[in-house]
Amino acid sequence: MNDAARHPVVSRADWLAARQGHLVHEKEFTRMRDRLNEERRALPWVKVDTAYAFDTPDGRQMLGDLFGRNSQLFVYHFMLAPGQAEGCVGCSFLADQIEGAVLHLEHHDVSVVMVSRAPLDDIRRYRQRMGWDIRWVSSAGSPFNCDFGVSFTPEQVASGQVDYNYHTIQPWGEDAHGVSVFFKDHRGDIFHTYSSYARGAEDLLVANMMLDRTPKGRNEKAADGQPMDWVHRHDAYEDTPKANAPCCG
């Protein structure tokens with residue numbers, strides 16, 4: 001039996017009636033999302049008093065320097081730990097999709113930076129392999145990752161419980177992913193305004209948002225039930241030219 005035989009096939013008039021009914025729900029969701037965004041922006045802030053420092057291509061910089069000319073900073077906590085040759089597949093998938101938005105955001109008072117615990121040289125090699133222009137810095141030697149809930153000490157991991165995404169979970173390793181947002185006022189004071197983890201960053205995955213509008217949806221069939229089992233690094237699909245293969249330097 002083919003796919004069309006398993007799915008209702010109707011006249012154009014019946015399709016239009018069903019589509020108009022679904023549109024009502026889509027509009028409800030859109031308005032709910034607008035309210036959620038308003039609620040998010042209204043959340044209270046926390047002043048950042050810790051002097052976080054990062055290794056960057058422009059030398060050692062503080063958190064305030066990462067804002068550049070803008071008053072808002074969007075941080076993606078990218079899973080690349082010391083000693084790892086490759087970044088997280090899911091994080092790489094997301095970086096592919098936000099790459100094109102960075103230029104527009106930078107011209108709308110939002111600076112974007114990815115932060116990882118890996119040394120800057122390891123970040124540089126993987127960034128070059130992937131062909132990204134997104135600014136990416138190292139938090140090596142800084143408590144930044146731990147303070148913002150995306151890295152855990154070996155002792156915490158060994159305990160079998162860590163605090164992630166605002167509740168306690170069993171860790172899968174010393175690093176997790178997430179986003180954090182900061183605001184810098186005219187005096188240079190910095191405030192933490194928002195963080196989100198796990199599926200909280202899902203809306204940034206444009207490919208998934210597009211798949212959600214296709215007949216098969218995300219079509220994820222992993223035996224273990226894990227999402228995004230089909231995703232590879234963009235230079236690792238079988239029919240992908242290897243122009244972005246890692247270089248020796």
Side-chain angles (χ1 to χ4, degrees), residues 30 32-56 58 61-80 87-88 90-118 123 127 132-140 142-152 162-167 175-206 208-209:
T30 298
M32 182 181 297
R33 183 178 58 200
D34 289 342
R35 292 194 298 271
L36 184 67
N37 290 337
E38 291 173 1
E39 181 180 291
R40 181 185 297 116
R41 290 190 295 270
L43 288 171
W45 299 349
V46 177
K47 186 176 181 181
V48 178
D49 293 319
T50 302
Y52 295 110
F54 305 85
D55 292 325
T56 84
D58 300 315
Q61 292 190 339
M62 308 305 292
L63 180 62
D65 298 321
L66 303 184
F67 286 78
R69 65 185 180 183
N70 295 318
S71 69
Q72 301 169 100
L73 177 67
F74 186 101
V75 172
Y76 182 66
H77 301 285
F78 192 108
M79 294 172 60
L80 180 62
C88 162
C91 293
S92 301
F93 184 51
L94 187 143
D96 284 339
Q97 294 170 77
I98 64 175
E99 169 86 5
V102 171
L103 177 66
H104 302 283
L105 293 170
E106 292 280 354
H107 287 82
H108 197 56
D109 196 30
V110 180
S111 293
V112 179
V113 64
M114 300 196 302
V115 178
S116 299
R117 288 194 304 122
I123 288 174
R127 181 175 178 265
W132 295 324
D133 291 324
I134 306 173
R135 194 173 190 205
W136 194 355
V137 304
S138 171
S139 61
S142 164
F144 182 78
N145 281 46
C146 288
D147 288 354
F148 288 94
V150 292
S151 291
F152 319 105
V162 298
D163 291 329
Y164 178 64
N165 199 25
Y166 308 107
H167 65 286
D175 289 279
H177 68 276
V179 301
S180 290
V181 183
F182 302 89
F183 177 79
K184 184 170 70 171
D185 68 15
H186 66 282
R187 294 183 298 271
D189 290 333
I190 299 173
F191 302 88
H192 175 218
T193 68
Y194 180 72
S195 283
S196 183
Y197 310 96
R199 291 186 66 182
E202 188 172 71
D203 286 352
L204 303 180
L205 295 173
V206 177
N208 276 355
M209 301 302 105

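As the structure is a prediction and not an experimental result, all values here were calculated from the model.
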Test side chain to side chain contact (heavy atoms under 4.5 Å, CB included) applied to Y166 - qualifying residues, sequence neighbours left out |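 Checked Y166 against side chain to side chain contact (heavy atoms under 4.5 Å, CB included); matches are S195, Y197.
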Those residues that, when tested against F93, pass ring-ring contact (aromatic ring centres under 6.0 Å, His included) (two or more places apart) | W230
Parallel, tilted or perpendicular: which fits the ring planes of [X] and [Y], with parallel below 30° and perpendicular above 60°?
X    : Y    : answer
H177 : Y164 : perpendicular
F78  : Y76  : perpendicular
F182 : H192 : tilted

Hey, does [Y] have a side-chain heavy atom less than 4.5 Å from the side chain of [X]?
X    : Y    : answer
I98  : I134 : yes
H77  : V179 : no
R40  : R35  : no
V181 : L73  : no
V46  : F191 : no
L204 : Q97  : no
D55  : V137 : no
T30  : R33  : yes

Between K184 and D189, is there a salt bridge with N-O shorter than 4.0 Å?
-> no
Run the numbers on W136 and S116 for side-chain contact (heavy atoms from CB on, under 4.5 Å), then give the verdict.
-> CA-CA 8 Å; W136 194 355; S116 299; 2.9 Å; yes
Tightest non-hydrogen contact, residues I123 and A118, listed as CD1-O, 3.6 Å
What residues, two or more places apart in sequence or in another chain, satisfy salt bridge (Lys or Arg N to Asp or Glu O under 4.0 Å) together with R199?
-> E202
Are the side chain of [X] and the backbone N or O of [Y] linked by a donor-acceptor pair below 3.5 Å?
X    : Y    : value
D109 : S71  : yes
D185 : R187 : yes
E99  : D133 : yes

Quick one: do Y52 and F148 satisfy side-chain contact (heavy atoms from CB on, under 4.5 Å)? Show the steps, please.
-> CA-CA 12 Å; Y52 295 110; F148 288 94; 3.7 Å; yes
